[in-house]
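Worksheet: one structure, shown below.
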Amino acid sequence: MTHRPLPAAFYARETELVARELLGAVLECTVRGTRCRGRIIETEAYTGEEDLACHAAAGRTARTEVLYGPPGRARYFIYGMYWCVNAVTRRAGLPSAVLIRAVEPIEGIEAMRRRRGHRPDRELTNGPGKLCQAFGITGPLHHGVSLLSSPLRILEGERIPDDDVAVTPRVGISKAVSDPLRWIRKGRDLK
DNA sequence: TAAAGGATTTTCT
DNA sequence: GAAAATCCTTTAC
């Protein structure tokens with residue numbers, strides 16, 4: 001497969017479309033010379049200020065500033081003690097992003113096992129906080145950086161066909177809207 | 001197998 | 001004071 005980063009124009013589209021198209025793309029992170037790669041298999045769209053589950057619903061603050069910036073940048077959100085990867089979408093001034101919820105390890109699995117405490121392989125990267133821990137993604141190092149260049153980027157991958165993709169409402173989010181906004185590759189065996 | 005609670009920090013009511 | 005885009009451990013059935 002090619003190893004080209006997805007261009008900024010990829011992210012400068014409707015958030016739901018970007019969430020769909022990111023399935024199959026390759027998340028890459030290099031930390032101190034160790035490179036990890038994983039194929040994206042689950043994403044979630046946070047569509048803007050009108051989406052109550054989106055952090056931008058709270059308005060423009062230091063915490064949400066990156067969401068308002070240009071597309072193609074990474075945003076990391078901390079829930080108490082965990083970080084998550086987001087890809088900012090649309091254009092500057094329109095706060096929205098796609099949360100990367102799960103990947104399949106491709107490269108650097110030894111580092112992932114080490115960072116994740118040698119759990120079963122299926123539990124290395126099957127959650128938004130877990131995959132960050134596995135990849136060594138931390139806030140100060142990665143918050144707000146471009147996804148188009150190292151150390152953290154998203155590469156072109158093999159497209160996952162529509163027949164293998166399911167769209168569902170978000171689950172476990174009290175402010176979630178009923179619209180289907182979570183994209184999952186069918187048949188994944190991660191839970 | 002399911003449910004409950006803790007860790008931890010920012011934000012809102 | 002409570003909840004949040006989570007995860008892990010403990011406790012109960």
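Here is the naming used below: chain letters follow the sequence lines, and residue numbers restart at 1 for every chain.
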Show me the donor-acceptor pairs, under 3.5 Å and distance only, between side chains in residues 14-23 of chain A and residues at least two apart or in other chains.
| from | atom 1 | to | atom 2 | distance (Å) |
| --- | --- | --- | --- | --- |
| A:Thr15 | OG1 | A:Thr89 | OG1 | 2.9 |
| A:Thr15 | OG1 | A:Ser96 | OG | 3.4 |
| A:Arg20 | NE | A:Asp162 | OD1 | 3.4 |
| A:Arg20 | NH2 | A:Ile160 | O | 2.7 |
| A:Arg20 | NH2 | A:Asp162 | OD1 | 2.8 |
| A:Glu21 | OE1 | A:Arg159 | NH1 | 3.1 |
| A:Glu21 | OE2 | A:Arg159 | NH1 | 3.0 |

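Heavy-atom neighbours of A:Arg13 CZ from other residues, nucleotides or ligands within 6.0 Å: above the threshold of 12.
Atom pair A:Trp83:CH2 and C:dC7:P shows a separation of 15 Å (rounding to whole Å applied). Protein atom CD of A:Glu44 is 6 Å distant from nucleotide atom C1' of C:dA5, rounded to whole Å. The CG atom of A:Asn86 sits 13 Å away from the C1' atom of C:dT6 (whole-angstrom rounding). Here the P atom of nucleotide C:dA5 and the CZ atom of A:Arg182 are 12 Å apart, to the nearest Å.
Look at A:Glu107 and A:Arg35 and you find a salt bridge, because one of the NZ, NE, NH1 or NH2 atoms lies within 4.0 Å of a carboxylate O, short of that distance. Note on A:Glu65 versus A:Arg60: salt bridge recorded, some NZ/NE/NH1/NH2 to OD/OE distance being below 4.0 Å.
Inter-residue side-chain proximity for A:His142 and A:Pro151 is flagged as met; some heavy-atom pair is nearer than 4.5 Å. Two residues are said to be in side-chain contact when any heavy atoms from C-beta on lie closer than 4.5 Å; A:Phe135 and A:Met112 meet this criterion.
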Exercise for review: Could you walk me through whether A:Arg170 and A:Val177 pass the side chain to side chain contact (heavy atoms under 4.5 Å, CB included) test, one step at a time?
Suggested key: CA-CA 8 Å; A:Arg170 293 182 295 213; A:Val177 296; 3.5 Å; yes

**Study point:** Chi angles and distances behind the side chain to side chain contact (heavy atoms under 4.5 Å, CB included) call for A:Cys54, A:Leu67
**Key:** CA-CA 10 Å; A:Cys54 182; A:Leu67 279 179; 4.3 Å; yes

Exercise for review: Any chance you could lay out the side chain to side chain contact (heavy atoms under 4.5 Å, CB included) test for A:Arg115 and A:Cys36, step after step, and finish with the verdict?
Suggested key: CA-CA 12 Å; A:Arg115 296 191 182 107; A:Cys36 289; 3.7 Å; yes

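When DNA chain B is scanned in the 5' to 3' direction for atoms under 4.0 Å from non-hydrogen atoms of chain A, the outermost contacting nucleotides are B:dA7 to B:dC12.
A:Leu181 pairs with exactly one of A:Thr47, A:Thr168, A:Val167, A:Thr43 by the side-chain contact (heavy atoms from CB on, under 4.5 Å) rule, that one being A:Thr47.
When hydrophobic side chains of Ile, Leu, Val, Met, Phe, Trp and Tyr are connected at separations under 4.5 Å, A:Tyr46 ends up clustered with A:Leu99, A:Ile173.
For the strand DNA chain C, secondary-structure stems (runs of at least three Watson-Crick or G-U pairs, all distances below 3.5 Å) span B:1-7 with C:6-12, B:9-12 with C:1-4.
Here, C:dA3 and B:dA4 have their P atoms 14 Å apart, quoted to the whole Å. Of the P atoms belonging to B:dT10 and C:dC8, the separation is 22 Å, rounded to the nearest Å.
Here A:Ile173 lies in heavy-atom contact (under 4.0 Å) with sugar-phosphate atoms only.
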Would you tabulate the pairs of protein nitrogen or oxygen atoms and nucleotide nitrogen or oxygen atoms of nucleotides 8-10 of chain C closer than 3.5 angstrom?
| from | atom 1 | to | atom 2 | distance (Å) |
| --- | --- | --- | --- | --- |
| C:dC8 | OP1 | A:Arg116 | NH1 | 2.5 |
| C:dC8 | OP1 | A:Arg116 | NH2 | 2.9 |

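Side-chain contact check for A:Arg116 and A:Gln133: at least one donor-acceptor pair (N or O, by modelled atom type) lies under 3.5 Å.
The nearest heavy atom of DNA chain C to A:Pro128 and to A:Lys175 marks one nucleotide each, and the one closer to the 5' end goes with A:Lys175.
One hydrophobic cluster, built from ILVMFWY side chains closer than 4.5 Å, holds both A:Trp83 and A:Ile154.
Using a 4.0 Å cut-off on heavy atoms, the residues of residues 45-53 of chain A that approach DNA chain C are A:Tyr46, A:Ala53, listed by number.
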